[in-house]
Protein chains: 2
Amino acid sequence: MTKMPTPGAPPSPGHDGRPGRPVGLRDVARMAGVSTATVSRVLNTPERVSATLRERVAAASARLGWVPDGTARALATRRTGAVGAVFPTLSHGDFARAAEALQGELRSRGYTLLLACSHYDLAQEHLLVRQFVERGVDAVVLVGNAHDPQTIGLLDRLSVPYVKTFNYDPEWRHHCVGPDNRRAMHGLTRYLLRLGHRRFGVIAQSAHNNDRAAARLQGVRDALSEMGLSVRPQHLVEGRWTIAEGRALFRKIIEKKPWPTAVICGNAYLAVGAVLEATARGIALPGEMSIVGYDDVEIMQELPVPITTLRIRSDEVGRLAADYVVATLAGKQPSTELECEVEIMERSSSGPVPRASRRESVPRRAKGADAGRR
Amino acid sequence: MTKMPTPGAPPSPGHDGRPGRPVGLRDVARMAGVSTATVSRVLNTPERVSATLRERVAAASARLGWVPDGTARALATRRTGAVGAVFPTLSHGDFARAAEALQGELRSRGYTLLLACSHYDLAQEHLLVRQFVERGVDAVVLVGNAHDPQTIGLLDRLSVPYVKTFNYDPEWRHHCVGPDNRRAMHGLTRYLLRLGHRRFGVIAQSAHNNDRAAARLQGVRDALSEMGLSVRPQHLVEGRWTIAEGRALFRKIIEKKPWPTAVICGNAYLAVGAVLEATARGIALPGEMSIVGYDDVEIMQELPVPITTLRIRSDEVGRLAADYVVATLAGKQPSTELECEVEIMERSSSGPVPRASRRESVPRRAKGADAGRR
DNA sequence: TGATTATGTGAAACCGCTTACGTCGCCGTG
DNA sequence: CACGGCGACGTAAGCGGTTTCACATAATCA
């Protein structure tokens with residue numbers, strides 16, 4: 001025995017948990033009097049091991065308090081059982097819930113979630129994905145359809161499966177699960193059109209690096225243009241998605257008359273802000289104006305004026321995403337159900353276009369100027 | 001070329017990225033005409049490699065699009081650079097923000113976050129921690145001080161560093177970062193006492209497997225008992241932490257008079273619910289009653305009656321936790337700043353005890369019965 | 001009963017990267 | 001001019017599991 005630190009064959013056949021070296025599969029094997037292969041088998045394919053040995057190994061394993069080393073297994077298996085997800089942020093309840101559901105579903109299938117936030121920055125996202133890939137994730141979950149081409153390239157080159165979430169796009173069909181933002185907003189707009197509204201305001205989320213926001217806006221535009229309508233520039237405002245921002249943007253919209261009779265918000269918090277600002281100013285909802293949002297959060301139905309909005313089951317998105325990647329990893333065809341239902345939650349903040357939507361315009365012009373127009 | 005799938009020695013000294021085998025460090029080494037050790041060194045200790053080789057390796061690496069295999073590195077290094085965190089849920093904005101901050105801070109230090117939710121279930125938490133440990137996380141972040149002894153035992157036995165968050169307890173001093181729930185609530189209660197309130201209601205979060213909630217309640221009790229006061233049983237209610245629950249619990253409190261003059265809510269959403277219910281019933285805040293919460297969320301300051309509450313920088317908690325584990329992993333002494341500041345955000349939902357708090361009691365008894373008492 | 005086929009185990013070769021050592025070339029001294 | 005020292009690299013032994021393949025032994029069949 002020279003001065004070898006740890007090299008050479010592992011002598012010292014200590015048979016109990018010595019504090020020195022952590023216990024490994026080999027220690028278990030030795031204590032159970034079997035080969036390492038057998039120990040490995042009781043772990044992975046117990047049915048191929050005789051009951052006797054199985055128990056001997058289990059006992060030894062328990063006595064030694066052995067915790068299998070995942071990294072070693074991953075190296076040998078070429079699978080980590082980990083899935084990486086990059087969300088823009090978790091401050092948004094929607095993403096938080098989706099993340100939670102994603103994690104839960106993945107876990108129940110034996111996978112672990114690696115989570116990171118890109119803060120709506122595609123370069124950052126790329127770095128994170130790269131980090132995930134280096135860590136050996138089996139699959140990746142992304143939000144939205146807009147990504148750095150390099151990101152997708154990397155994933156493709158290494159053939160790492162991935163899903164894009166929160167913006168189902170029928171054009172691409174594959175690789176994406178979630179609500180169809182455009183179609184959802186299209187439907188909500190049509191709902192307002194059916195109520196007779198013709199003059200619309202839009203409080204949109206900034207579409208910078210946010211294809212979901214862009215798709216929503218497109219949905220509104222499409223629905224309107226089908227009726228030969230469009231949003232007046234001064235009635236289209238955009239910004240971040242806080243309540244305070246919603247208030248400020250709403251103020252901008254009503255800066256001067258004529259006001260829109262319906263204001264569509266691209267996000268729950270923006271809608272909450274708009275409604276709070278409107279009621280604070282004594283604007284009757286839906287008497288004088290209708291305000292609707294996208295996405296449902298609890299506060300929306302608890303406010304003095306409950307807010308009409310689209311309910312997106314964001315936890316469903318998380319589950320679908322988990323489903324998708326797990327199926328793909330198992331070599332199966334992912335469920336065909338990739339699009340996620342949305343539902344209009346009709347509440348008190350919206351209603352028929354005010355009959356008296358004529359008493360507008362700054363210098364009280366002729367009434368009914370463009371009320372029931374078209 | 002028989003039909004060998006991948007076995008045998010890797011002959012075929014192909015020098016370009018063949019679709020077959022993924023490129024590995026060896027391929028890079030071969031293309032750069034250096035040993036594997038050198039490639040590894042340019043990656044980990046570039047300063048110990050001559051500029052010439054460094055560049056040759058970099059070039060080869062880039063040309064091959066090599067992505068180092070983290071699992072292999074982890075196995076060799078005995079470090080994964082991953083930190084596991086178990087939160088009760090992410091639906092709670094606080095945890096979501098903390099998770100986000102934790103991830104951001106960890107990432108900037110080169111670590112990756114593994115995330116999971118326990119749903120306030122300690123058994124579940126133990127399983128998750130176990131899973132993390134098997135995955136080889138370098139450290140673990142937990143929420144609260146209450147945990148399955150086995151969980152802590154496992155961590156200790158494998159000497160995996162961990163922090164407990166969101167409930168700084170001066171008794172334990174170590175291993176925990178966050179606000180001191182008890183002390184914070186103690187302070188908030190004293191604030192109300194200073195305003196003259198003597199009859200308190202408490203809408204608490206269920207303390208089941210939630211030591212933070214328990215600590216908060218204790219804070220209220222301590223502050224009151226210091227004044228010889230206590231909460232009447234019928235004024236102490238508890239439940240989950242939704243807005244709707246807040247409303248319902250508030251209703252229970254005001255079921256019969258005398259009402260408390262101040263209601264302390266154990267959570268932001270409960271407070272929002274209480275305030276909405278109170279205003280809906282025409283109860284003047286703070287004219288007739290004061291309502292305060294714990295924890296600040298945006299909606300609280302945007303409601304018609306902005307709510308007084310404690311601001312906890314939950315992102316700070318995340319950062320502190322990251323700090324703690326990273327420092328510990330580096331063998332350094334964690335920052336001494338483990339406790340996280342809280343601040344009373346005084347808003348309109350609280351004020352001096354109503355002078356007329358005498359017009360209470362069901363059968364309109366003698367006024368001032370116990371108003372300024374003591 | 002001997003040949004054949006399941007079935008259960010063990011020996012040993014990896015998985016892809018890190019790193020302790022050893023080697024080699026070059027420079028500075030005595 | 002030979003020798004010790006030093007730095008840059010290469011060699012090869014792991015890290016802790018998995019898995020292929022060979023090999024017994026037991027069960028099955030002619």
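In what follows, chains carry the letters A, B, and so on, assigned in the order in which the sequence lines appear, proteins first and then strands, with residues in each chain numbered from 1.
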- Are any side-chain N or O atoms of Thr45(B) and backbone N or O atoms of Glu47(B), one a donor and one an acceptor, separated by less than 3.5 Å? no
- Query: Going by atom types alone, do Arg135(A) and Thr112(B) pair a side-chain donor with an acceptor below 3.5 Å?
  - Reply: yes
- Would you classify Ser40(B) as touching base, sugar-phosphate or nothing, given that sugar-phosphate means primed atoms plus P, OP1 and OP2, and contacts are heavy atoms under 4.0 Å? base
- Message: Between C1' on dC9(D) and CZ on Arg54(B), what's the gap in Å once rounded to a whole number?
- Response: 14 Å
- Examine dC9(D): is either OP1 or OP2 under 4.0 Å from a nitrogen or oxygen in the side chain of Ser50(B)? Give yes or no. yes
- When you check the phosphate oxygens OP1 and OP2 of dG16(D), does a side-chain N or O of Arg78(B) lie under 4.0 Å from one of them? yes
- Message: Of the options dT18(C), dG17(D), dG10(D), whose atoms approach the side-chain atoms of Arg26(A) most closely?
- Response: dG17(D)
- Task: Please report the shortest heavy-atom distance between Pro68(B) and Leu43(B), naming the atom on each side.
- Result: CG-CD2, 3.9 Å
- Message: Using a distance-only criterion (donor-acceptor N/O pair, under 3.5 Å, no hydrogens), is the base of dG16(C) paired with the side chain of Arg73(B)?
- Response: no
- Query: So what does Val39(A) hit on the nucleic acid, given a heavy-atom distance under 4.0 Å: a base, only sugar-phosphate, or nothing?
  - Reply: nothing
- Query: Closer than 4.0 Å, any side-chain N/O of Thr38(B) to the OP1 or OP2 of dG10(D)?
  - Reply: yes
- What is the distance from CZ of Arg79(B) to C1' of dG16(C), rounded to the nearest Å? 20 Å
- Of the listed dG17(D), dG10(D), dC15(D), the closest approach to the Val34(B) side chain comes from dG10(D)
- Query: What's the CZ-P distance between Arg48(B) and dG10(D), to the nearest Å?
  - Reply: 14 Å
- Task: Using a 4.0 Å heavy-atom cut-off across all strands, classify Thr71(B) as base, sugar-phosphate, or nothing.
- Result: nothing
- Query: Given atom CG of Leu25(A) and atom P of dA12(C), what is their separation to the nearest angstrom?
  - Reply: 16 Å
- Message: Distance check, rounded to the nearest 0.5 Å: Gln150(B) atom CD versus Glu125(B) atom CD?
- Response: 12.0 Å
- Query: With no angle test and no hydrogens, is the base of dG16(C) tied to the side chain of Arg21(B) by a donor-acceptor pair under 3.5 Å?
  - Reply: no
- Message: Using a heavy-atom cut-off of 4.0 Å across all strands, would you classify Leu43(A) as base, sugar-phosphate, or nothing?
- Response: nothing
- Message: What is the distance, to the nearest angstrom, from the CG atom on Asn44(A) to the C1' atom on dG16(D)?
- Response: 13 Å
- Query: Can you check the Asp69(A) CG to dG14(D) P distance for me, whole Å?
  - Reply: 18 Å
- Note on the structure: Checking dA11(C), dG16(C), dT18(D) against the side chain of Ser35(A) (C-beta onward), the nearest is dA11(C)
- Query: Can we say Asp323(B) and Arg319(B) salt-bridge, meaning some charged N sits less than 4.0 Å from an Asp/Glu carboxylate O?
  - Reply: no
- Taking the six-membered ring for Trp, are Phe95(A) and Phe87(A) parallel (under 30°), tilted (30 to 60°) or perpendicular (over 60°)? tilted
- Item | Closest listed nucleotide, where the reference is the side chain of Trp66(A) and the choices are dG17(D), dC17(C), dT11(D) | dG17(D)
- DNA chain D nearest-nucleotide lookup for Ala72(B) and Val49(B): closer to the 5′ end is Val49(B)
- Item | d(CG, Leu75(B); C1', dC15(C)) in whole Å | 9 Å
- Item | Euclidean distance, atom CZ of residue Arg41(B) to atom P of dT11(D) [Å, nearest integer] | 11 Å
